[in-house]
Every structure is written in C-alpha cells, then in structure tokens.
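Below is one structure, written out as structure tokens; the observations come after it.
Every value quoted in this text rests on a predicted model; they were computed, and no experiment measured them. Keep in mind that the numbers below use all heavy atoms, side chains included, and drop hydrogens, waters and symmetry copies.
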Amino acid sequence: MKKFLLVLLVSCISLLSLGQPTIPTEPCVRYLTPCFTEWTSISGEYQPGYAFTFYMPKNDTDTKRPVIIFYTGGGTTDIGSLSKLCIEITKLGYVTCAAQYKKGVGDGFTEAEQKEAVINTYTLIRYIRENATLLGVKKKKMFGYGTSAGGITWINAGITANNTDIPFYAGIFVPNIKGSLIATASNSAAAIGAYFYLINPTGVQNNFYNGGKDPLIPWQQAQATYEFQLSVGINSLFHLYPNSAHGVGEHDDMWYNPEYGIIPTFYKKLNVKQPKP
C-alpha cells in the first residue's frame with residue numbers, strides 16, 4: 001500500500017472553526033438530546049505542559065459516564081476555543097474534555113512526531129482511567145474527536161489503541177489502555193503513511209468527515225484509510241461534503257444525522273437500554 005504523506009501540511013493549518021451544532025430540542029434521551037442545562041468544569045494538566053478542561057453535567061447522579069475528548073486543529077493550542085462545543089455536548093449527559101496534545105508541526109509530521117502524538121494521547125487516556133472516580137466516568141467508554149492534526153492523531157491512536165505491543169513502538173513506553181477507546185471521529189483528516197500498514201482488526205471505528213475541495217488532506221486519502229479499515233473488519237463510516245474545503249464542522253448533520261452523525265453513532269457504541277433523565 002502506497003504511503004500517504006502529509007509532510008508540511010499540518011504546519012500550515014491555522015485555527016479552524018469547528019462549527020457549533022444546533023442541539024436537538026426533542027424530549028430528553030440521554031446521550032442523544034439535551035438532558036441538562038448546567039455544568040461544572042475542572043482544569044489542570046495531565047502531564048507537564050499539556051492542559052485540559054473537563055466539563056461535567058451538574059446535578060448528575062450517574063457516576064459512570066462516557067467521555068468525549070476533543071482536540072483542536074494544528075494551528076492552535078487554545079483549548080478555550082473548544083469550550084462552547086464541549087458544553088453543548090455535555091448537556092447531552094457526556095463528560096467532555098478539551099485537551100492539548102503533542103502536535104507534529106514545523107518540519108513536517110515525521111514518524112517520531114507521530115509516535116509522540118499517539119503516546120501523548122495514550123497518556124491522557126491513562127490519566128482519565130486513573131481519575132475515573134473523581135471525574136465520574138467509565139474507564140472503557142472513551143471517544144475521541146479532532147479536526148485536521150487533531151483528527152489525524154485520533155485516527156492514528158485508534159489504529160493502535162488495542163495493539164500497542166508491536167515493533168512500531170519498540171523502546172517506547174505505552175501505558176496499558178487497551179479497551180478504553182471505543183470509537184473516534186475525524187474532521188478533515190486521514191491516516192498518515194507510517195500508520196497505514198498498522199491498520200488491523202483490533203483498531204477502533206472512526207467516523208471520517210472530509211471536504212471534496214480540501215487542498216490539504218484530499219478526501220481520497222481519507223477514503224482509502226476508511227476502505228482499508230473496512231477490509232479488515234473495522235466498521236468505520238465515511239461521509240463526503242463535496243463543496244467543503246478544509247474543516248467541515250459547519251455542518252450540523254455531522255453531529256446529529258441519524259445515519260452517520262457523530263452523536264448517534266457514538267450512542268450505538270454505548271448500548272444504552274434505559275436512558276437516564
């Protein structure tokens with residue numbers, strides 16, 4: 001399989017608008033429609049130099065909630081830009097997390113930088129596992145979402161999240177986080193060449209959302225990643241916005257379309273039998 005190179009692309013990615021979804025107004029169905037109107041937050045660092053803010057539904061009696069981790073695009077480290085989106089999703093009943101992550105920018109997205117970004121993401125997952133009681137989350141109900149470089153990182157992390165003991169990571173400490181990450185979603189992203197051959201049945205589902213006029217990460221590259229995942233049995237999803245460029249977050253249906261939207265497809269992974277109000 002031909003390696004897909006994204007050299008120098010991430011370095012030129014400016015802050016992308018993630019768009020703000022229009023939250024459905026139907027009666028409360030936890031994790032699908034709003035069940036809360038208030039929230040609380042906790043901020044800190046999960047490792048030196050990497051900040052986070054967790055958002056949690058206020059007055060919630062559930063102590064084992066799923067968490068969605070949000071990454072920005074490669075042009076910013078300002079997690080405050082994610083706050084509005086995190087809060088809106090928290091109203092559905094999720095715990096959400098806006099976090100900084102190791103971005104490979106400047107001289108290209110090298111293999112070493114890719115590994116560092118994934119290890120950094122695993123460290124965040126481990127942090128959440130170790131603080132699951134404090135945060136009120138379930139250790140094995142984590143999702144990831146990112147735009148551009150953030151999406152690339154989540155795709156790469158999902159490919160190897162359950163298969164970290166492989167030669168590709170030789171000599172690098174990988175925390176035991178198997179089974180924690182159950183699905184990811186990427187806005188304007190695709191797998192990078194160094195990770196492509198690692199795609200195997202142990203990887204997690206990714207929802208691909210790509211623009212047909214994206215000059216930075218061609219949609220064909222994302223589709224090739226998606227098709228390879230399908231070929232090994234990973235039931236990922238791919239949706240193309242033909243008239244969009246880089247960053248397709250302005251489309252509300254990316255979040256709530258019942259067939260391919262992020263929230264409905266994540267909801268299916270939760271296997272909720274009796275949603276709690």
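Atom NZ of K91 sits about 13.5 Å away from atom SG of C28, to the nearest 0.5 Å. To the nearest 0.5 Å, atoms CD1 (I69) and OG1 (T184) are separated by 11.0 Å. For the atom pair OG1 (T90) and CD (E38), the distance works out to 13.0 Å, reported to the nearest 0.5 Å. A distance of 5.5 Å separates CD1 in I172 from CD1 in I119, rounded to the nearest 0.5 Å. The line from CD of Q220 to CG of D214 is 10.0 Å long, rounded to the nearest 0.5 Å. Rounding to the nearest 0.5 Å gives a distance of 3.5 Å between CG of N200 and OG1 of T202.
For K178 and D165, the salt-bridge test fails: no basic side-chain N is under 4.0 Å from an acidic carboxylate O.
The SG atoms of C97 and C86 do not lie less than 2.5 Å from each other.
No side-chain donor-acceptor contact under 3.5 Å links N210 to the backbone of L240. Side chain of R30 to backbone of G93: a donor-acceptor contact under 3.5 angstrom is found. Side-chain atoms of N131 come within 3.5 Å of backbone atoms of Y127 as a donor-acceptor pair (strictly under, hydrogens ignored). Remark: the backbone N or O of G150 is not paired with any side-chain donor or acceptor of S148 at under 3.5 angstrom. Proximity of a side-chain donor or acceptor of T164 to a complementary backbone N or O of A161 within less than 3.5 Å is not detected. Side-chain atoms of E45 never come within 3.5 Å of backbone atoms of A51 as a donor-acceptor pair (strictly under, hydrogens ignored).
Q229 and S236 share a side-chain donor-acceptor pair at under 3.5 Å. Between the side chains of Y55 and T40, no donor-acceptor pair is found at a separation under 3.5 Å. Side-chain contact, Y209 with D253: no donor N or O sits under 3.5 Å from an acceptor N or O.
Ring centroid separation for the pair F196 and F228 comes in under the 6.0 Å cut-off. Between F52 and Y50, the distance from one ring center to the other does not fall under 6.0 angstrom. The aromatic ring centres of Y267 and Y31 sit 6.0 Å or more apart.
When each of R129, R126, K140 is paired with S180, the side-chain hydrogen bond (donor to acceptor under 3.5 Å, both in side chains) condition holds for R129 and for no other. Results of the ring pair (Phe, Tyr, Trp, His ring centres under 6.0 Å) test with Y101 over Y71, F70, Y46 single out Y71 as the only residue that passes.
A parallel orientation is assigned to the rings of F266 and F143, their planes being inclined by less than 30° (bins at 30° and 60°).
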Tell me, with the steps shown, if W255 and Y145 meet ring pair (Phe, Tyr, Trp, His ring centres under 6.0 Å). CA-CA 11 Å; W255 289 94; Y145 168 81; 5.0 Å; yes
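Judged by the 6.0 Å distance and 45° axis criteria, K115 is positioned over the aromatic ring of F168.
Atom NZ of K141 is surrounded by more than 12 heavy atoms from other residues, nucleotides or ligands within 6.0 Å.
Linking Ile, Leu, Val, Met, Phe, Trp and Tyr residues whenever their side-chain heavy atoms come within less than 4.5 Å places Y94 and V272 in a single cluster.
For the side chain to side chain donor-acceptor pair (under 3.5 Å) test, no residue two or more places apart in sequence or in another chain qualifies with N176.
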